[in-house]
Amino acid sequence: MQQKDYKYVKADLAISQYVDSFWYLKPSSHNAAVSIPNGTIDLIFTKSKEGAFWVALMGVETKSSKVPDTVSDTHFAISFKPLAMEYILNVSVSDILDTGNILPPDFWPIKAADLDDFDAFCTLVTKTIQERLPREIDSRKQKLFDLIFDSQGEMSVKELSEKVFWSDRQINRYFNQQFGLSLKAYCNIIRFRASLKHISEGKLFPEQNFTDQNHFIKSVKKYAGVTPKALSKNEDNRFSYLTILQNQKPDNV
C-alpha cells in the first residue's frame, strides 16, 4: 500500500518566533490522512494536476479532521505560530477556528510554479518573511508565547498572567479576538502536542502534567479522536504529524 508523500521541515532560527515549520503533502493513495491539533495556523498553497492554483488559511484546530482526499493535488504549507497573525499576516483567525478560508491567489508572493521544488519554496518563504519582520512587537505578547512554548503548555493562566504583567481577562480577550479560543484552551493544545513525542515512542502513560491516566486518555481522545494506543499504532501512517515524529531525529521536531 502506497503512503502519502509527506515532508516536514523546521523553520530557520531567524524566523522561528513566527514560523513553526514548512510541510508538503503529495497524496499518492486513497487513504485519507488525519490532521491533529498542534497549535499552528497553516497557510496552504495547492496546485492540482491540471494546473489550478489556490491559497487557503486554516485556523487553529481543536479536534482532529480528515485531510481532503485530493489524490492529484500537491500541497505546500507554512505552519505559522500565533504571533505571525498580527505581525506577519496582519489578520485575525478568530472566525475560522477548526475551519479555513480560501484567499486571493496573490495573498502571498507564491505562484503555482513555486510548488515544483519544496526546498526552493522554503527558501523563498523564509526570505519573504524576513523582509516582513516587524521592527518591534508588544513585549508582553512575545514573553507570553515564549512561556507557553517553553513550558509546553503546562503553566497555568494565573502564572502566565503574573509573569507577563498582563491581566488574565485582557489576555483571554486578546486570544478570543485574535484566535477564537481562550488562553487555557490553547495551552491545553500545546500540552497535547508535547505528549505526541512520547506517544510516538510508545509511551502510553502521561509524561506531561496530566492529573492521571484517565485524564491523559480523555485529552488524547478529545484532540486526536482515538486513544493513545491507537494513535501510537498510527495505522497506514494516517496521522501525518505523528509519522514525522516516529521517523525523524528528536532535534528535527
Side-chain angles (χ1 to χ4, degrees), residues 1-10 20-21 23 25 27 29-42 58-69 77 79-82 97-100 145 147-157 159-160 175 179-253:
M1 183 178 294
Q2 289 183 307
Q3 297 179 10
K4 295 176 185 294
D5 189 358
Y6 185 91
K7 187 173 183 180
Y8 169 99
V9 176
K10 291 294 288 183
D20 176 84
S21 56
W23 56 265
L25 177 66
S29 77
H30 289 277
N31 300 309
V34 176
S35 175
I36 50 181
N38 65 4
T40 65
I41 299 101
D42 289 353
M58 310 304 294
V60 177
E61 291 183 304
T62 66
K63 56 188 177 182
S64 64
S65 61
K66 288 186 178 180
V67 176
D69 191 11
S79 287
F80 285 105
K81 292 181 178 179
L97 186 72
D98 287 317
T99 184
F145 283 109
L147 289 170
I148 291 171
F149 295 129
D150 289 347
S151 69
Q152 298 184 322
E154 293 195 347
M155 290 184 68
S156 69
V157 172
E159 287 178 294
L160 290 167
F175 261 78
F179 313 112
L181 75 173
S182 68
L183 169 60
K184 182 177 180 180
Y186 186 76
C187 287
N188 286 341
I189 291 171
I190 297 304
R191 182 175 62 173
F192 163 72
R193 172 176 172 157
S195 73
L196 292 174
K197 169 70 167 56
H198 307 295
I199 292 173
S200 73
E201 298 169 347
K203 300 175 182 177
L204 306 182
F205 294 88
E207 302 281 336
Q208 305 302 119
N209 187 27
F210 293 95
T211 305
D212 52 31
Q213 179 70 5
N214 188 51
H215 181 210
F216 173 61
I217 292 173
K218 283 184 176 180
S219 179
V220 172
K221 288 185 71 174
K222 175 182 178 180
Y223 294 116
V226 297
T227 64
K229 184 176 181 180
L231 188 58
S232 177
K233 287 183 178 179
N234 194 16
E235 293 182 357
D236 297 326
N237 290 299
R238 62 194 180 107
F239 296 101
S240 302
Y241 184 70
L242 198 72
T243 299
I244 295 299
L245 293 175
Q246 291 172 328
N247 291 291
Q248 291 196 346
K249 296 179 181 179
D251 291 344
N252 295 329
V253 296

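Counting from 1, the numbers follow the sequence of the chain as shown.
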Looking only at atom types and distance, does a side-chain atom of [X] sit under 3.5 Å from a main-chain N or O of [Y], one as donor and one as acceptor?
X	Y	result
S232	P228	no
E159	S156	yes
N234	F239	yes

Check: F205 and Q213 side chains under 4.5 Å, non-hydrogen atoms: yes
When you compare the side chain of F149 with that of K81, does any pair of heavy atoms fall below 4.5 Å? yes
Could you give the distance from [atom1] ([X]) to [atom2] ([Y]), rounded to the nearest 0.5 Å?
X	Y	atom1	atom2	answer
S200	Y241	OG	OH	9.0 Å
K10	S79	NZ	OG	9.0 Å
L231	L196	CG	CG	6.0 Å
F192	F216	CZ	CZ	9.0 Å
K222	H215	NZ	NE2	8.5 Å
I148	I190	CD1	CD1	7.5 Å

Show which side-chain atoms of residues 33-41 pair as donor or acceptor with protein atoms under 3.5 Å away, not counting sequence neighbours.
from	atom 1	to	atom 2	distance (Å)
S35	OG	E61	OE1	2.8
S35	OG	E61	OE2	3.0
N38	OD1	T40	N	3.1
N38	OD1	T40	OG1	2.8
T40	OG1	D42	OD1	3.2

Kindly assign one of parallel, tilted or perpendicular to the pair F145 and F175, based on the angle between their ring planes and the thresholds 30° and 60°. tilted
Those residues that, when tested against K221, pass side-chain contact (heavy atoms from CB on, under 4.5 Å) (two or more places apart): I217, T227
Closest non-hydrogen contact found for L160 with C187 is CD1-SG, 3.9 Å
